[in-house]
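Report on one structure; see the data block that follows.
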Number of protein chains: 2
Amino acid sequence: MDTTEFRRRGKEMVDLIADYLENIEQRTVYPDVEPGYLRSLIPEEAPEDPDTYEDVVKDIERVIMPGVTHWHSPYFYAYFPTANSFPAMLADMLSGAIGCIGFSWAASPACTELETVMMDWLGKMLKLPEDFIAGTHGQGGGVIQGTASEATLVALLAARCRAVRMILASDPQRPETGITSKLVAYSSDQFCATLGTTPSCAFDHITELGPICNAEKIWMHIDAAYAGSSFICPEFRPLLNGIEFADSFNFNAHKWLLVNFDCSTMWVKKRSDLIGAFKMDPLYLKHDHQESGRYFCTDNSLFRSLKMWFVFRMYGLKGLQDYIRKHVELAKEFESLVRADQRFEISADVVLGLVCFRLKGSNEVNETLLKRINNGRKIHLVPCLLSGQFVLRFALCARTTESRHIREAWRLITQLAEEVMQELPH
Amino acid sequence: MDTTEFRRRGKEMVDLIADYLENIEQRTVYPDVEPGYLRSLIPEEAPEDPDTYEDVVKDIERVIMPGVTHWHSPYFYAYFPTANSFPAMLADMLSGAIGCIGFSWAASPACTELETVMMDWLGKMLKLPEDFIAGTHGQGGGVIQGTASEATLVALLAARCRAVRMILASDPQRPETGITSKLVAYSSDQFCATLGTTPSCAFDHITELGPICNAEKIWMHIDAAYAGSSFICPEFRPLLNGIEFADSFNFNAHKWLLVNFDCSTMWVKKRSDLIGAFKMDPLYLKHDHQESGRYFCTDNSLFRSLKMWFVFRMYGLKGLQDYIRKHVELAKEFESLVRADQRFEISADVVLGLVCFRLKGSNEVNETLLKRINNGRKIHLVPCLLSGQFVLRFALCARTTESRHIREAWRLITQLAEEVMQELPH
C-alpha cells in the first residue's frame, strides 16, 4: 500500500469509524459468542501472498464485530469508562505516523517536552500542589504511564530505591542485599492509598494516612485511577485533599477524561526519585543534552501527549468539566430511580459516576437478576462484592449516554427484576 | 466535535499524514532545538474555552515538527527500527474507535481471541516448536506485551512463581517468605539470553545455555527484540535454533515487522505459568466462561492484534520476508562500502540490518566524527561501546530506505571523516 492508496483507504476508514460510532446504539452491547468462536472463521495460517484490502475490510463485520463488547455504546455500564473522543483519535493517527519512541530527550525532543508541559497543564487543572509541577525550575513533574498498575510498580521501585539510599546513608557499611529483603510495603485489600476504589468508588482517608507516612518516612503513593478526572471540577476537588502528603499520585486520563487509552498520568514531587530508580545509560542513549536534567521518561512510548494536547484544546477546561458533571448527574438520576423503588437499595454512597445497587434480598436473587440483564444483551453491567453482599454496579461510561438511555436501562432492569422475583424466593 | 466534523477532520488528517510521510526525506532528520524549546511556544495552562481545530493543526508545524526526530526518514539510522506501515495505521484507527480493553475474555471476546490466533500465525511463521502454539488443544501460546522489558518482567515473575511452587511441593512446611529472598536470576551484561543485542546485534549460544537451564530447572527466557522478525525467513531461522529449550520467548514485532508500536510478542510453553503468576479474580472480572481456560491476557490493552492481522494479510508472508531481506541487503551494501575504504573497519559481524563500523584510530576521532555527522542533521546515527572501542552503529530503519540513501549517507560520512582526520591526530 503506497501513500496514494493510503489516502483512499484512510478516508474510507474514517467513514467506517464514524458510521460505527454513529450507529453503535443499534448493536448488541454484549456479544453473543462462545469461547473459540473466532478461530474457525479465519485461516489457520497467515497468507503467503497478500489478501485484498476489500477482503480485510469485509472481515471486520464478519469476524470481529460479532465478538466485540461495545464499550462506547450508551448501553454499556460495566467496569469503569475507557475514554474515546474524536480529538484524541485524530491525535493518535498523527502519533502513529510520526511513530517516534520517546525513551530519551534526543529520541524525539518534542515528544518528551510536550509530555512534561501537558502534565503541568493537567496538574494545574487538578490544582496539584506546586511541588508536583515541573515548570522551568521545579523538582517535581509528571510522566505518562500505560496503566495505573504500571504507575504503582514505578512508585514501588522508586520507593524501594529511596529507602535503600536512606538506610545506606545512615549506615554505609551495611550490605545492600540485607536491606531489600527487610523492606515492607503497607497496603489495604485495594492496595495502595486509593481515591475511588474499583468495586464501589470508595475513598481512603488520605488526610489521616498522609501525616503518618510523612512522619515515618514511608513513600505514599495515591491511586485515583477512575476518580482522578473529576478533580478538575472545584466541587470534587476536596476529594483530593491530603495530596500534599503524597510522594506520587496517579490517575487514568484514559478512563474519564476523553483521552484515548493509554494515558495513565503520574506525578512525583521529586523527579530525581524516578530518574534514580531507573537510570540506565548505555552509550547509544547518550546525547549532548544528557545533563540538562529537565526532562525525564521512564517509559518506551509513542507520542502520547499529543492526544492530551488535542483533547484539552478542543474541549477546553470548561468542556471537560461539563463532561464530568454530565456523567455525575446521570448517575444521580439513576440513583433517584433506584431509591424511588422500594424493592431496591443503594449499596454505597454515590459520589461520582458509579451507582452500586441491589434488590433487597438474597445474593442469589441478585446474581440471577444480573445474569438475566447480561443475557438480554441490551445493557451490560458487572457486579461487585461489598461486605459479603452481591451488588450490581451501574457505571456511567459512554460519551454519548443520555437521560433516555438511563431510563431505558432502568425500565429493563425493573422488568427483569419482576420476572426474577416471581420465580425465586427473595 | 461530532461525527460529521470528524469525517471532515479525519480525512484532512489522513492527507496530512500522507503528505508528511511522502515528503519526510526533505525534513532535517535530527532536530535543531535546545532542551526547553517547546514550553515557550505554547500557553502555560490549558484554555478555559476550546481553541479552534485550525489553530491546533497549525501548531503541528509550528510547535511539534521542529522538535521531532524523524524515525521514518530514510536518513534515520539510529537505535533500531520502529515499525510504521499503512495497514498497521489503518488497523490502529479502528482499534482506537472500538476502544475496548482486553483484560478478560468477556471484556471483548474478539480482542482476546484474535490475539491468541494472531500469535499462532506469527509463531508458525517463525516455525516455533509446537509447544508454543495455542491451537485448539495446546498448553502454550502467545500474548502481546508493550515492550521487551515488560515481557522480561512478566517472564521473571512467572519464573519466580514456578520456582516457589517447585520448592513448596518438595517441602510444604517451608515458609514462603524464606524462599523468595534466596532465589537467583542469572544474566549476562545484556541481561537474559539474547538473540541480537542492542549494541552490535550479537547472538548468545542458546544451544549451549538451554540444556544447562533445562537440567537445572532454570526458567530460560529468550529476548530477540530486534532480530526476531528476521526468523520468518528460512535463511535466518537457524539463528533461533535452541528455542526448544526455552520456557518463554519474546521479540518486538513493532521493531522490524511493520506492525506499529506497541506490539511486543511473547510466547510461553505453558500458559498456566503466566496465568498462575498473575491470577487475580475480583468479582467484577468474573464471567460465565471463566473456566474455559483457552484464552489469557496478562495485560490491559487495546485491540493490538488488529494491526497484526491487517499487516500479515496486506503484506502476506512473502511480502514480509521481502521487507526483511531488503534491509539485510542494504546493510550488506553499506558493509561493502565500509570494507572498500581502507581508513575504516567493520567492528562486528554484519548478520542482519545493523553495521557496526569505525575509523581505524582513536575513540576521540570516532566520537568527533559522530558528532559532526549528527550536527549535520542530514543523517542520524548513535554509537556503541564494543570492548572499549567507540563504534558507530548504522541501523537500517525506515521502510522507504533505498540504495541511493545508503550511498548518500556513505558519501556524507566519508566527507566528514576526511575533515576530522585532517584536524585530529588519529
Side-chain angles (χ1 to χ4, degrees), chain A residues 1 3 6-7 10-11 13-14 17-18 22 31 33 35 38-39 45-51 56 64 67-69 71-72 82 84 86 89-90 92-93 96-97 99-101 108-110 113 117 121 124 147 181 260-261 283-284 289 292 294 300 302 312-314 316-318 382-385, chain B residues 1 3 6-7 10-11 13-14 17-18 22 31 33 35 38-39 45-51 56 64 67-69 71-72 82 84 86 89-90 92-93 96-97 99-101 108-110 113 117 121 124 147 181 260-261 283-284 289 292 294 300 302 312-314 316-318 382-385:
Chain A
M1 190 180 290
T3 44
F6 173 70
R7 285 180 202 272
K11 289 165 192 177
M13 184 56 83
V14 167
I17 288 170
E22 223 162 41
V33 294
L38 185 142
R39 190 177 284 275
E45 295 187 26
E48 283 279 322
D49 297 297
D51 289 346
V56 174
I64 303 301
V68 170
T69 303
W71 283 59
H72 304 290
T82 190
N84 177 292
F86 293 122
M89 282 189 261
L90 292 168
D92 264 350
M93 288 164 67
C100 63
I101 304 292
S108 215
E113 297 207 12
V117 179
W121 278 23
K124 290 173 188 173
T147 61
S181 64
N260 278 45
F261 189 88
L283 192 60
Y284 53 84
H289 299 292
S292 79
R294 299 296 314 148
N300 275 348
L302 283 179
F312 298 165
R313 296 183 67 182
M314 294 306 297
L317 175 57
K318 285 183 191 164
V382 294
C384 68
L385 209 59
Chain B
M1 191 179 289
T3 44
F6 174 70
R7 285 179 203 271
K11 289 165 193 175
M13 185 55 83
V14 167
I17 288 171
E22 221 162 43
V33 293
L38 185 141
R39 191 177 284 273
E45 294 187 27
E48 284 278 322
D49 295 297
D51 290 345
V56 175
I64 303 301
V68 169
T69 303
W71 283 59
H72 303 289
T82 190
N84 177 292
F86 293 121
M89 283 189 261
L90 292 168
D92 264 350
M93 288 164 67
C100 63
I101 304 291
S108 214
E113 296 208 12
V117 179
W121 277 24
K124 289 174 189 173
T147 61
S181 65
N260 277 46
F261 189 87
L283 191 60
Y284 54 83
H289 298 293
S292 78
R294 299 297 313 150
N300 274 351
L302 283 179
F312 297 164
R313 295 183 68 183
M314 294 305 298
L317 177 58
K318 285 182 190 163
V382 293
C384 69
L385 209 60

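Atoms considered below: every heavy atom in the structure, side chains included; atoms not considered: hydrogens, waters and symmetry mates. First the proteins, then the strands, lettered A, B, ... as listed; each starts at 1.
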Correct closest heavy-atom pair for A/Ala18 and B/Phe6 would be CB-CD2, 4.3 Å

Over all atoms of both residues, closest heavy-atom pair of A/Phe312 and B/Ala46
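Nearest pair, atom of A/Phe312 first, then B/Ala46: CB-CB, 4.3 Å.
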
If we define contacts as heavy-atom pairs under 4.5 Å, which of [options] has the most with chain A?
options	result
B/Val14, B/Asp49, B/Val382	B/Val14
B/Thr82, B/Val33, B/Leu90	B/Leu90
B/Pro31, B/Ala97, B/Cys100	B/Ala97

Close side-chain approach of A/Thr3 to B/Phe86, heavy-atom, < 4.5 Å
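Heavy-atom side-chain distance check passes, below 4.5 Å.
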
Within a strict 4.5 Å, meaning less than it, do heavy atoms of the B/Ile101 and B/Ser108 side chains meet?
no

Are the side chain of B/Asp92 and the backbone of A/Met93 linked by a donor-acceptor contact shorter than 3.5 Å?
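Not a single qualifying donor-acceptor pair exists.
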
Test item: B/Asn84 side-chain N/O and A/Gly99 main-chain N/O as donor-acceptor pair under 3.5 Å
no

Looking at [options], which has the largest count of heavy-atom pairs under 4.5 Å with chain B?
options	result
A/Asn260, A/Leu283, A/Ile17	A/Leu283
A/Arg7, A/Lys124, A/Met13, A/Met1	A/Arg7
A/Val68, A/Ile64, A/Leu385	A/Ile64

Is it the backbone or the side chain of A/Lys11 that comes under 4.5 Å from a heavy atom of chain B, or both, or neither?
both

Under 4.5 Å heavy-atom distance to chain B, tell me which part of A/Met89 shows up: side chain, backbone, both or neither.
side chain

For B/Lys318, is it the side chain, the backbone, both, or neither that has a heavy atom closer than 4.5 Å to a heavy atom of chain A?
both

Who pairs with B/Glu45 by salt bridge (Lys or Arg N to Asp or Glu O under 4.0 Å), at least two apart in sequence or on another chain?
none

